[in-house]
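As structure tokens, the structure follows; a few thoughts come after it.
Sequential numbering from 1 along the given sequence is applied to the chain's residues.
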Amino acid sequence: MHFFSPTSPQPNRPLFCFLPGMDGTGRLLRTQQPQLARSFDLRCLSIPPEDLSGWEILVDRTVGLIEAELERNRHRDLFLCGESFGGCLALKVALKIPHRLKRLILVNPASSFKQRPWVQWGSYLTHWLPSWFYPVSVTGMLPFLAALRRITQSDRRALLDAMQSVPQPTSIWRLELLRSFHVEPRQLRQLSLPALIIASGSDRLLPSVTEAQFLTRELPDAEMVVLPDSGHACLLETDVNLYAIVKDRDPDLDRATKDSACVGIIDH
């Protein structure tokens with residue numbers, strides 16, 4: 001596991017760490033990167049395709065990577081964003097290091113996986129698919145993963161490539177992690193940091209709005225944003241602007257960016 005910088009590093013700006021979905025590549029933030037880079041120093045988590053680590057190891061390694069980033073500048077804010085599978089990981093990381101986070105952002109978190117029985121049953125079928133048929137089955141999932149009409153052709157291709165990059169045994173293992181994922185409501189109620197829960201109203205894969213409502217009720221300082229026409233992979237949609245959504249709820253973000261820029265000039 002490692003972090004990579006999808007844009008030029010900006011060490012004096014707030015750190016924005018993105019934890020990816022089932023693909024684990026970290027490269028599906030691509031549509032949002034140009035806007036986010038206006039105020040953030042971006043890092044995307046990459047999980048190796050053959051990585052079969054459990055939640056505890058994934059959390060510890062992610063925390064270690066975050067601590068290494070913050071060691072270089074302990075005074076900057078940390079925004080932790082997790083999408084789908086990465087939303088589950090982000091929740092567990094936030095519970096481990098809540099004092100480090102300025103804001104937690106969850107985008108269609110897969111913590112709702114067990115609430116959709118047909119998805120659970122379908123996930124068991126992955127065990128029995130012939131290896132030659134597995135890539136075909138991934139293609140068949142695209143209409144459930146995304147509102148394709150809202151995504152450019154190149155981003156559709158990127159989504160398909162990312163999903164097909166996950167070997168079948170790894171896909172089986174990560175689905176098992178989602179089936180076993182559990183966070184106690186009392187743990188959520190103890191997580192007092194600001195949280196933003198983004199849910200797609202037209203998610204055909206998971207009951208994301210219902211899950212967002214639950215998380216908003218349980219987390220002490222949470223706000224929900226519903227994207228009524230978006231699918232599960234909403235961050236690839238051309239009409240979704242994650243930076244604008246975050247900035248609207250963090251009025252100090254522009255000032256922090258300007259202050260950090262001034263520090264950079266003085267340091268230089």
Side-chain angles (χ1 to χ4, degrees), residues 3 10-21 26 29 32 36 39-45 55-56 58-112 181-199 208-227 234-235 242-257 259-260:
F3 276 145
Q10 304 180 80
N12 292 309
R13 293 192 172 181
L15 185 64
F16 187 101
C17 293
F18 174 69
L19 310 185
L29 190 66
Q32 306 298 328
L36 288 169
S39 292
F40 294 108
D41 187 19
L42 303 182
R43 296 292 183 276
C44 294
L45 181 67
W55 283 123
E56 186 175 347
L58 288 173
V59 171
D60 286 345
R61 288 177 179 171
T62 304
V63 168
L65 291 170
I66 290 172
E67 294 285 5
E69 292 290 341
L70 292 177
E71 189 67 34
R72 301 181 182 117
N73 183 350
R74 288 193 168 273
H75 300 292
R76 62 175 172 170
D77 293 330
L78 168 63
F79 289 68
L80 181 65
C81 176
E83 180 183 25
S84 192
F85 179 91
C88 295
L89 180 56
L91 261 177
K92 285 183 171 289
V93 169
L95 287 167
K96 189 110 176 181
I97 52 168
H99 59 289
R100 290 293 200 187
L101 273 60
K102 165 76 171 179
R103 180 175 288 274
L104 173 65
I105 304 165
L106 304 177
V107 183
N108 295 326
S111 47
S112 62
F181 179 82
H182 181 68
V183 172
E184 292 285 347
R186 61 175 177 77
Q187 293 177 286
L188 296 176
R189 290 193 287 269
Q190 293 169 1
L191 197 59
S192 59
L193 60 89
L196 174 61
I197 319 298
I198 300 174
S208 292
V209 173
T210 302
E211 182 68 4
Q213 291 168 338
F214 165 74
L215 291 171
T216 304
R217 283 196 308 270
E218 296 298 330
L219 292 166
D221 187 9
E223 182 176 359
M224 178 176 70
V225 174
V226 176
L227 307 175
C234 62
L235 296 184
L242 179 59
Y243 172 72
I245 295 171
V246 174
K247 183 171 171 290
D248 283 349
R249 284 142 189 92
D250 274 278
D252 294 334
L253 189 57
D254 276 344
R255 185 169 71 245
T257 301
D259 290 346
S260 65

| query | Hey, mind stepping through Trp55 and Lys92 against side-chain contact (heavy atoms from CB on, under 4.5 Å) and telling me if it holds? | reply | CA-CA 8 Å; Trp55 283 123; Lys92 285 183 171 289; 3.8 Å; yes
| request: Start with the C-alpha distance between Asp250 and Lys102, add both sets of side-chain angles, then the distance that settles side-chain contact (heavy atoms from CB on, under 4.5 Å), and finish with yes or no. | output: CA-CA 10 Å; Asp250 274 278; Lys102 165 76 171 179; 3.9 Å; yes
Please examine the side chains of [Y] and [X], heavy atoms only from C-beta on, and report whether any two atoms are closer than 4.5 Å.
X	Y	result
Cys234	Asn108	yes
Arg43	Leu65	no
Leu106	Ile198	no
Asp221	Pro194	yes
Ile97	Leu80	no
Phe16	Ile105	yes
Ile245	Leu227	yes
Asn73	Pro11	no

Going from [atom1] on [X] to [atom2] on [Y], what distance comes out if it is rounded to the nearest 0.5 angstrom?
X	Y	atom1	atom2	answer
Cys44	Phe3	SG	CZ	9.0 Å
Asp77	Arg103	CG	CZ	11.0 Å
Leu45	Cys81	CG	SG	12.0 Å
Leu15	Leu42	CG	CG	8.5 Å
Ile66	Leu19	CD1	CG	6.5 Å
Leu219	Gln190	CG	CD	11.5 Å

What are the two closest heavy atoms between [X] and [Y], and how far apart are they?
X	Y	answer
Gln32	Leu242	OE1-N, 2.9 Å
Gly26	Pro20	N-CB, 3.6 Å
Ser84	Gly21	CB-CA, 4.3 Å
Ala199	Ser208	CB-O, 3.5 Å
Pro14	Ser39	CD-O, 3.3 Å

| message | Less than 4.0 angstrom from a charged side-chain N to a carboxylate O is my criterion; do Arg76 and Asp41 meet it? | response | yes
| Hey, is Glu218 close enough to Arg186 for a salt bridge, meaning N to O under 4.0 Å? |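 No, Glu218 and Arg186 are not salt-bridged.
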| task | Look at the rings of Phe79 and Phe40 and say which category their plane angle falls in: under 30° parallel, 30 to 60° tilted, over 60° perpendicular. | result |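 Geometry flag for Phe40 against Phe79: perpendicular rings.
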| field | No-hydrogen, no-angle side-chain donor-acceptor test under 3.5 Å, Glu223 and Thr216 | value |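 Side-chain D/A pair, Glu223 to Thr216: absent.
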| message | Could you go through Ser111 and Glu211, starting from their C-alpha distance and side-chain angles, then the distance that decides it, and tell me whether this counts as side-chain contact (heavy atoms from CB on, under 4.5 Å)? | response | CA-CA 8 Å; Ser111 47; Glu211 182 68 4; 2.6 Å; yes
| request: Would you please test Arg249 and Val225 for side-chain contact (heavy atoms from CB on, under 4.5 Å) and show each step? | output: CA-CA 10 Å; Arg249 284 142 189 92; Val225 174; 3.4 Å; yes
| Taking it one step at a time, do Glu184 and Arg189 satisfy salt bridge (charged side-chain N to carboxylate O under 4.0 Å, His left out)? | CA-CA 9 Å; Glu184 292 285 347; Arg189 290 193 287 269; over 6 Å; no
| From Leu196, Leu191, Val93, residue fulfilling side chain to side chain contact (heavy atoms under 4.5 Å, CB included) relative to Leu104 |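 Exactly one option meets the side chain to side chain contact (heavy atoms under 4.5 Å, CB included) with Leu104, and it is Leu191.
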